[in-house]
Enquirer: 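The structure that follows is given in the form of structure tokens.
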Amino acid sequence: GVVRMDDFNDGNQTDLLGAGYGTMGDGSLTLTVTSSPAGGMLGRSGYALQVDYSEDATHWTGFWGGLNGTDLSNYDYLSFWIKGAVGGEKVKFGLKNGAAQEKQVYVSDYLTGGAVTTSWQKVVIPFTALSTLNSYTNMDSLQMIADEAGPNSGTIYVDEIVFGKNAAPSWVDNFHDGVNVGATGAGSGTFGGGAGTSLSATEDGGNGRQGGGDYAVKVAWGGVTPLD
């Protein structure tokens with residue numbers, strides 16, 4: 001079974017748990033429940049949440065959706081559908097509990113293609129990725145934030161927010177952002193070797209499986225001899 005947070009089909013900003021939505025941060029963000037998102041609805045009819053946001057290196061912005069203390073301790077993942085007005089939008093989603101523990105992760109790390117596009121895509125974020133939350137019995141809110149180090153603005157559409165059980169295996173990294181930080185918030189490094197040996201691992205933008213704009217990890221080594 002699932003806990004349905006919102007499908008927006010009532011056309012308003014009160015979710016199915018009886019709570020509302022609000023903005024946060026010192027950037028710019030507006031929320032609109034729309035029946036005409038750019039490129040079409042998820043499904044043939046209904047509504048979706050339109051999020052218009054703008055922030056920069058000295059400002060951040062986001063929104064919260066109330067969970068009214070819902071007990072999610074028997075659930076395993078957060079899921080929703082997302083698309084962008086132009087594609088490539090950089091946003092994070094996550095959760096906050098009643099003890100004010102919160103964690104947000106890049107949506108792109110949980111998309112097969114590694115990026116928000118102008119088509120609807122399903123996002124599944126396992127709770128194991130939200131490492132700073134140690135309790136899900138009294139949940140405060142769903143959260144979306146935009147806090148990039150440079151100018152970052154765009155429009156995304158969100159629909160069909162649910163919590164479910166038995167999530168698929170967690171992403172470690174799809175390398176699409178070209179940064180040595182995985183979906184769990186940790187990086188990677190090298191180890192071992194002896195005198196005269198070397199190993200390097202770099203984010204390579206020229207050999208990703210989708211061509212230009214994608215990344216893979218390039219591993220190079222030298223000075224290694226067979227073990228006896």
Side-chain angles (χ1 to χ4, degrees), residues 2-9 15-16 21 29-53 61-65 75-95 103-130 142-148 152-179 181-185 205 208-216:
V2 299
V3 172
R4 300 180 65 84
M5 178 182 172
D6 214 342
D7 58 13
F8 305 102
N9 286 342
D15 64 31
L16 298 177
Y21 293 84
L29 186 144
T30 59
L31 300 172
T32 308
V33 177
T34 178
S35 60
S36 55
M41 280 299 306
L42 175 64
R44 295 183 179 180
S45 63
Y47 293 81
L49 183 66
Q50 176 178 327
V51 185
D52 300 290
Y53 64 91
T61 192
F63 79 83
W64 55 264
Y75 293 84
D76 302 304
Y77 65 85
L78 160 68
S79 175
F80 54 92
W81 289 78
I82 190 171
K83 74 172 182 174
V86 299
E89 290 83 359
K90 294 183 178 180
V91 295
K92 300 175 183 177
F93 273 74
L95 297 173
K103 175 74 174 180
Q104 303 87 23
V105 295
Y106 279 106
V107 168
S108 57
D109 282 334
Y110 298 90
L111 294 171
T112 302
V116 175
T117 70
T118 56
S119 297
W120 286 105
Q121 297 183 84
K122 187 176 183 179
V123 180
V124 179
I125 300 175
F127 286 174
T128 53
L130 307 178
L142 167 82
Q143 297 189 330
M144 168 260 163
I145 64 171
D147 62 351
E148 297 301 297
N152 177 32
S153 62
T155 298
I156 59 169
Y157 302 94
V158 181
D159 206 354
E160 296 288 346
I161 306 171
V162 303
F163 300 96
K165 301 180 180 181
N166 303 317
S170 177
W171 286 90
V172 176
D173 204 342
N174 59 17
F175 309 111
H176 188 82
D177 55 9
V179 178
V181 178
T184 61
R209 63 185 177 87
Q210 299 183 65
D214 191 15
Y215 286 80

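The analysis underlying the following values was restricted to heavy atoms, covering all of them including side chains, and did not include hydrogens, waters or symmetry mates. This is a predicted model, so every value here is computed, not measured.
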Enquirer: Tell me if a side-chain donor or acceptor on Thr117 pairs with a main-chain N or O of Ser119 at a distance below 3.5 Å.
Expert: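 It does hold such a pair.
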Enquirer: Of all heavy-atom pairs between Asn152 and Ala146, which one has the smallest distance, and what is that distance?
Expert: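 Where Asn152 meets Ala146 most closely, the heavy atoms are ND2-CB, 3.7 Å.
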Enquirer: By ring pair (Phe, Tyr, Trp, His ring centres under 6.0 Å), which residues pair with Tyr157, not counting sequence neighbours?
Expert: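 For Tyr157, no residue satisfies ring pair (Phe, Tyr, Trp, His ring centres under 6.0 Å) once neighbours in sequence are set aside.
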Enquirer: So Gln50 and Pro37, do their side chains get closer than 4.5 Å, heavy atoms only?
Expert: no
Enquirer: I'd like to know whether OH of Tyr47 has more than 12 heavy-atom contacts from other residues, nucleotides or ligands below 6.0 angstrom.
Expert: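 Not more than 12 within 6.0 Å, no.
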Enquirer: Find the distance between CZ (Arg4) and OG (Ser79) and round it off to the nearest 0.5 Å.
Expert: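 The distance works out to 10.0 Å.
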Enquirer: Report yes if the side chains of Met5 and Leu78 come closer than 4.5 Å at any heavy-atom pair, otherwise no.
Expert: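 The answer is no, as the side chains (C-beta and beyond) never meet within the 4.5 Å cut-off.
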Enquirer: For Tyr106 and Glu148, which heavy atoms make the closest approach, and how far apart are they?
Expert: OH-OE2, 2.7 Å
Enquirer: When rounded to the nearest 0.5 angstrom, what distance separates CG in Leu49 from CG in Asp6?
Expert: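 The CG atom of Asp6 is 8.0 Å from CG of Leu49, to the nearest 0.5 Å.
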Enquirer: Looking only at atom types and distance, does a side-chain atom of Lys83 sit under 3.5 Å from a main-chain N or O of Gly40, one as donor and one as acceptor?
Expert: yes
Enquirer: So do the side chains of Glu160 and Asp7 get within less than 4.5 Å of each other, counting heavy atoms only?
Expert: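 They are in side-chain contact.
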Enquirer: What I'd like to find out is whether the side chain of Thr155 reaches to under 4.5 Å of the side chain of Glu89, using heavy atoms alone.
Expert: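 When only atoms from C-beta onward are counted, Glu89 and Thr155 do not touch, as no gap falls below 4.5 Å.
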Enquirer: Would you confirm whether Gln121, through its side chain, and Ala115, through its main-chain N or O, come within 3.5 Å as a donor-acceptor pair?
Expert: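 Yes, because the side chain of Gln121 sits within donor-acceptor range (under 3.5 Å) of the backbone of Ala115.
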Enquirer: Could you walk me through whether Leu29 and Met144 pass the side chain to side chain contact (heavy atoms under 4.5 Å, CB included) check?
Expert: CA-CA 11 Å; Leu29 186 144; Met144 168 260 163; 4.0 Å; yes
Enquirer: Can you tell me how far the CZ atom of Phe93 sits from the CD1 atom of Ile161, to the nearest 0.5 Å?
Expert: 7.0 Å
Enquirer: Would a distance-only check, ignoring hydrogens and angles, find a side-chain to backbone donor-acceptor pair under 3.5 Å from Asp15 to Gly65?
Expert: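 It does not hold such a pair.
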Enquirer: For the pair Ser35 (side chain) and Gly46 (backbone), establish whether a donor and an acceptor sit closer than 3.5 Å, ignoring hydrogens and angles.
Expert: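 No, Ser35 side chain to Gly46 backbone: no donor-acceptor pair under 3.5 Å.
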Enquirer: Where do Ala48 and Trp120 come nearest, in terms of heavy atoms and distance?
Expert: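 Nearest heavy atoms, Ala48 then Trp120: CB-CH2, 4.0 Å.
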Enquirer: I'd like to check Val51 versus Leu31 (side-chain heavy atoms, cut-off strictly below 4.5 Å). Are they in contact?
Expert: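 Yes, close enough: below the 4.5 Å cut-off.
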Enquirer: Between CZ of Phe8 and OH of Tyr21, what distance do you get to the nearest 0.5 Å?
Expert: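 OH of Tyr21 is found 3.5 Å from CZ of Phe8.
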Enquirer: Kindly indicate whether the side chain of Phe63, heavy atoms from C-beta on, has any atom under 4.5 Å from the side chain of Tyr53.
Expert: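 Not in contact.
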Enquirer: For Tyr75, which residues count as a side-chain hydrogen bond (donor to acceptor under 3.5 Å, both in side chains) partner, sequence neighbours excluded?
Expert: none
Enquirer: Any heavy-atom pair between the side chains of Phe80 and Ile125 that's under 4.5 Å?
Expert: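 In contact.
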Enquirer: CG of Leu142 to CD of Gln104: how many Å apart, nearest 0.5 Å?
Expert: 9.5 Å
Enquirer: Roughly how far, to the nearest 0.5 Å, is the CG atom of Asp159 from the CG atom of Asn9?
Expert: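 Between Asn9 CG and Asp159 CG, I get 6.5 Å after rounding to 0.5 Å.
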